Number of protein chains: 2
Amino acid sequence: MPNKKYFKLISESMLFAGLPDEHINALLLISEIRDFEKNQLIFLEGDKGIGFYINVDGRVKIFKLSPEGKEHILHIFGPGEPYGEVPVFSGKTYPANAASIDASRSLFFPRDAVVALLAKNPAIALNMLAVLSMRLRQFTVAVENLSLKEVPGRLAAHLLMLSLEQEKKDRVVLNIPKTLLASLLGTIPETLSRILSRMAAQNLIEVQGRSIRLLDLEGLRLLAETGRLA
Amino acid sequence: MPNKKYFKLISESMLFAGLPDEHINALLLISEIRDFEKNQLIFLEGDKGIGFYINVDGRVKIFKLSPEGKEHILHIFGPGEPYGEVPVFSGKTYPANAASIDASRSLFFPRDAVVALLAKNPAIALNMLAVLSMRLRQFTVAVENLSLKEVPGRLAAHLLMLSLEQEKKDRVVLNIPKTLLASLLGTIPETLSRILSRMAAQNLIEVQGRSIRLLDLEGLRLLAETGRLA
DNA sequence: GCGCCGCATTGACTTAGGTCAAAAAAACAA
DNA sequence: TTGTTTTTTTGACCTAAGTCAATGCGGCGC
């Protein structure tokens, strides 16, 4: 029974972590498996929000397009992370586009079934409230970064965050091409490249392809704080 | 009984609109009145989130401070609007600062009482899920604006939004000083001032103090779309 | 091996928008 | 009114970061 895998995934997802088994099973029952090939569109900004997803395998990006067609990535979601849940409750449309980065698989939860389930189980709703709140908090940080800090500061903050996530504390490995990273930081590949060189020149980091050594943790922290490279 | 006023306010607030009277009364019972003088701090980023507020009179701003102390306003809330609700569910600290703009009054809802109430009434929780989702969507737009559009585009979008909110469709009146508006748009007063002149020179708008005539709706819309002033 | 394609880097150039400083205009209190 | 403070505007200047264009590099299929 491959359901075991999805049971585990749901029970460990941010959205539903900490729920009793019966609730997880109820969720499992209303979900559908959806597979996407590499670079496949999942939903478009403006589409009616008929349900939300939890990513199982691969990575999914949430992005906006500028009038000129330039793509700005808002989030990248890995396994266990939920996406597209906003319009399920507000009853409106998706506020951004979603597409797979790799070949990937998600669980889909149809809106009506979810709403019925939540009405019966307040605990699930409370849990979800907490999750949305967290995401809201992350956005607050994102806005702060975009409006108050310059690119080197954002990059430093990002590297430090990665080094916390990965265990090796003085070496991080990018799991995405630098061009995606640039978009994630709200800049362009050229600028990112120059800033990496600049930071290397100041012995803050050492770049070897996608692997980056953090040479001066203290300096990076300072840079992330003040947002400005000397 | 002045409670009537607060009953109405709660029942018309985004957060609790559409709830039956008994629930509104329950909410009224757990709330406390808090008064603030002009420019008074309400809570600080990092403070423990012991509850949330619904604004009654006056205006409240939510803002972040840059390392150099520059203030960037994330939201301005008027009567009936809830704020500070994020940490109530995430159980963490407030993600930004809050302060009154005018002398103002809010209703305060303590965390524990709210959580207990929601656990009993799933309908209230669903409503709040919708509100948090909406706010999340707003942030998505804010991030988009900050990263994809230039200041003139953001300003045009803001003016058009105001003209929708206020009824007069070709004239908007700022209810905040231009210096606050600058912060709200993620820029500084000098830049805002120059851009207003520039837009006036192109017959897009006509500025008289805080009152702004929108002369060329179509042009403004184009500017908000493309994000670039000719 | 070869050519090809997507990613990454580098250089020359342009510009939006920030800083600093000062003046002008409004708002407000005595 | 008059003086005082806050808001708004203007000018000179500087810098971060974007655009455009060329080149380098690495993997992959054949």
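No experiment lies behind these values; they were computed from the predicted model shown. Naming: A, B, ... by sequence-line order, numbering from 1 per chain.
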Could you go step by step and tell me if B:L223 and B:L155 meet the side chain to side chain contact (heavy atoms under 4.5 Å, CB included) rule?
CA-CA 9 Å; B:L223 178 55; B:L155 174 57; over 6 Å; no
Looking at every non-hydrogen atom in both residues, tell me the closest pair between A:F63 and A:A96 and how far apart they are.
O-CB, 3.6 Å
Mark yes or no for whether B:S100, through its side chain, and B:N39, through its backbone, hold a donor-acceptor pair below 3.5 Å.
yes
If you look at every heavy atom in B:P95 and B:P87, which pair is closest and at what distance?
CD-CD, 4.5 Å
Of the listed D:dG18, C:dT19, D:dA17, the closest approach to the A:I195 side chain comes from D:dA17
Atom CD1 of B:I101 and atom C1' of D:dT6 are separated, to the nearest Å, by 16 Å
Only counting residues at least two apart or in another chain, list the ones meeting salt bridge (charged side-chain N to carboxylate O under 4.0 Å, His left out) with A:D102.
A:R59
Can you tell me the distance, in whole Å, between the CD atom of A:E150 and the P atom of C:dA16?
18 Å
Working note: A:I54 + A:Y6, criterion side chain to side chain contact (heavy atoms under 4.5 Å, CB included); need CA distance, chi angles, decisive distance, verdict.
CA-CA 10 Å; A:I54 293 183; A:Y6 300 123; over 6 Å; no
Distance, rounded to the nearest Å, where B:L174 contributes CG and D:dT7 contributes P
14 Å
Are there any protein N/O atoms within less than 3.5 Å of an N/O atom in nucleotides 26-30 of chain C, and if so, which ones and at what distance?
none

Return the minimal non-hydrogen interatomic distance between A:V172 and A:L214, and the atom names on each side.
CG1-CD1, 4.3 Å
Look at the side chain of A:S197 and the backbone N and O of A:S193, then say whether any donor-acceptor pair between them is shorter than 3.5 Å.
yes
Take A:L107 and A:F109 through the test side chain to side chain contact (heavy atoms under 4.5 Å, CB included) and record every step on the way to the result.
CA-CA 7 Å; A:L107 288 175; A:F109 297 83; 3.8 Å; yes
How bent is the helix from C:dG1-D:dC30 to C:dA30-D:dT1, measuring the angle between the end axes built from five pairs each, rounded to 10°?
40°
For the pair made of CD in A:Q208 and P in D:dG26, what is the distance, rounded to whole Å?
13 Å
Measure from the side-chain N and O atoms of A:R111 to the backbone N and O of A:V88, and report whether any donor-acceptor pair falls under 3.5 Å.
yes
Within the side chain of A:K178, is there an N or O that forms a donor-acceptor pair under 3.5 Å with the backbone of A:G209?
yes
For A:D57, give me all partners under salt bridge (charged side-chain N to carboxylate O under 4.0 Å, His left out), at least two apart in sequence or on another chain.
A:K5
Under 4.0 Å: is that the gap between some side-chain N or O of B:T187 and OP1 or OP2 of C:dG18?
yes
Using the rule given for side chain to side chain contact (heavy atoms under 4.5 Å, CB included), can you reason through A:I50 versus A:Y94, listing the C-alpha separation, both sets of side-chain angles and the distance that settles it, and then say yes or no?
CA-CA 9 Å; A:I50 47 169; A:Y94 293 108; 4.2 Å; yes
N/O contacts under 3.5 Å, protein versus nucleotides 6-9 of chain C?
unit_1	atom_1	unit_2	atom_2	d
C:dA8	OP1	A:K178	N	3.2
C:dA8	OP2	A:K178	N	3.2
C:dA8	OP2	A:T179	N	3.0
C:dT9	OP2	A:S193	OG	3.4
C:dT9	O5'	A:S193	OG	3.2

Please list each protein N or O that sits under 3.5 Å from an N or O in nucleotides 12-15 of chain C, with the distance.
none

Rounded to whole angstrom units, what separation is found between the CG atom of A:L155 and the C1' atom of D:dA16?
15 Å
